[in-house]
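Counting convention: from 1, in listed order, for ligands and their atoms alike.
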Amino acid sequence: MLLGILKETAPGETRVSLLPESLKSLLAQGISITVEAGAGTAAGASDAAYTEAGATVTADRASILANADLLPLVNAPDATDQARLKPHAIVIGFLKPLDAPQALAAAIARPVTLLSMELVPRISRAQSMDALSSMATIAGYKAVIAAADLLPRLFPMLMTAAGTIPPARVFVIGAGVAGLQAIATARRLGAVVEAYDVRAAAGEQVRSLGAKFLDVDLGGISAEGGGGYAAELTEEALDRGRDLITRTAAHSDVIITTAQVPGRPAPRLIRRAAVEAMRPGSVLVDLAAPAGGNCELTQPGVTQTIGGVTLLAPINLPAEVPVHASQLYARNILNFLALIVKKGELALDLSDEVIAGACVAHEGKPVNPRVAKILEAATSSS
Ligand code: NAD
């Protein structure tokens, strides 16, 4: 069996799906590994390190695509690469199956088996494969570092002979994985932190990090969706959050916003008025930018200055920390591979809850019901 590691082609991508240190257990099972030249360079893994680890390195991307039985990737392959895949190969990665399932049509038709890291169920057994959490942890940390760098103020309170400097005030919206890491990072830098999440259960975690949790009375509406995620709210419930956010923005130096609802556009929580209420020099980092953004002014991937407030809308912050992002992702991939490769042979068990949950398509047909529905709707409307 051949496992291929490709150089990612998405603009700005620096991560790699497996590092040289990840290969030992795979090679020990008799799996051959071919790496595209330069695949790990940006993540600190040289071609020589892959060779030393026991892989073959080649510049021939087409031959890896045509021959690999197993292809762990970071991002979905583009249509050209999909058309070159070995039929019945298994492709694993952040495939964006709910955002852009049509972009996977060529691979589904090939047919290859598509396993999406975004869809790995968040059950305890699959925690070590939770790549979304790994990347959210990095994004939450890096968002605070980026904001601290841009802010024309210090984060910690300083008492000096020249006077006292008050601590920066950071407001974190959405206290999931990224939000909690942002809170922890901002607290370590000495900021005073407030946080808001629609899930009341997040309150305890926020407080345990030394931040203040802001509660909103949603009038009895349940904000809990399945699997620990938030549910999509009504406009009325969203408005209650928006009012709180506008009030809190006025005294915040930094806002890090992370609110998402899986498979839906990010909720628009931050009105223009909230941005305008912030002091000049303040910084807003919209981590929900890849899903459209939490701020109504957000343009994904574009940095704007609005009334002196810097609005960052990064679409791939983990790629700015390529070494550790690749290290965590590679471990998630390796743990996931352990489910589908037994003693060097492919053993895809679609009755396994984790594999069935992650499986987008198999043998030419969509497997995930949500993906099938979106594809069906796209076909019938075209
Ligand atoms: P996410 O990226 O989908 O959303 C980020 C946060 O935004 C969530 O906390 C969500 O409640 C919040 N949010 C959504 N709509 C909002 C709104 N209108 N206003 C305010 N906040 C809003 O979620 P995530 O960070 O990936 O994870 C969410 C939850 O799942 C967390 O409780 C996390 O601890 C849990 N989780 C469980 C496991 C596991 O059991 N294996 C793994 C990872 C995460």
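The contact set between ligand 1 and Asp130, taken as ligand atoms under 4.0 Å from a residue heavy atom, comprises 42 (C), 43 (C). Shown in contact with Tyr196 at under 4.0 Å from a heavy atom are these atoms of ligand 1, numbered in order with element: 19 (N), 20 (C).
Here's the thing with Ile173: none of its N/O atoms is less than 3.5 angstrom from an N/O atom of ligand 1.
Atom 7 (O) of ligand 1 has its nearest heavy-atom neighbour, among Ala259, Ala195, Ala266, in Ala259. Looking at Leu269, Thr258, Thr257, Val177, it is Leu269 that brings a heavy atom closest to atom 17 (C) of ligand 1.
Proximity of Ala175 to ligand 1, defined as any heavy-atom pair under 4.0 Å, is confined to the backbone N, CA, C and O atoms. In Gln260, the parts holding a heavy atom less than 4.0 Å from any atom of ligand 1 are both the side chain and the backbone.
Proximity of Leu238 to ligand 1 is established by a heavy-atom distance of less than 4.0 Å. Residue contacts with ligand 1 leave out Gly241, since none of its heavy atoms falls under 4.0 Å from the ligand. Not a single heavy atom of Gly179 sits closer than 4.0 Å to an atom of ligand 1.
Classification of Asp352 and Arg125 as a salt-bridged pair holds, one side-chain N sitting under 4.0 Å from a carboxylate O. A salt bridge is absent between Arg268 and Glu296; no separation between the charged side-chain nitrogens and carboxylate oxygens falls under 4.0 Å. A salt bridge does not link Arg15 with Glu8: none of the charged nitrogens is closer than 4.0 Å to a carboxylate oxygen. Here Asp239 pairs with Arg242 in a salt bridge; the nearest charged N to carboxylate O distance falls below 4.0 Å. Taking 4.0 Å as the cut-off between side-chain N and carboxylate O, Asp243 and Arg271 count as a salt-bridged pair.
With a 6.0 Å radius and a threshold of 12 heavy atoms from other residues, nucleotides or ligands, Arg153 has its CZ atom at or below the threshold.
For Thr298, the side-chain hydrogen bond (donor to acceptor under 3.5 Å, both in side chains) partners are Asp286, not counting sequence neighbours.
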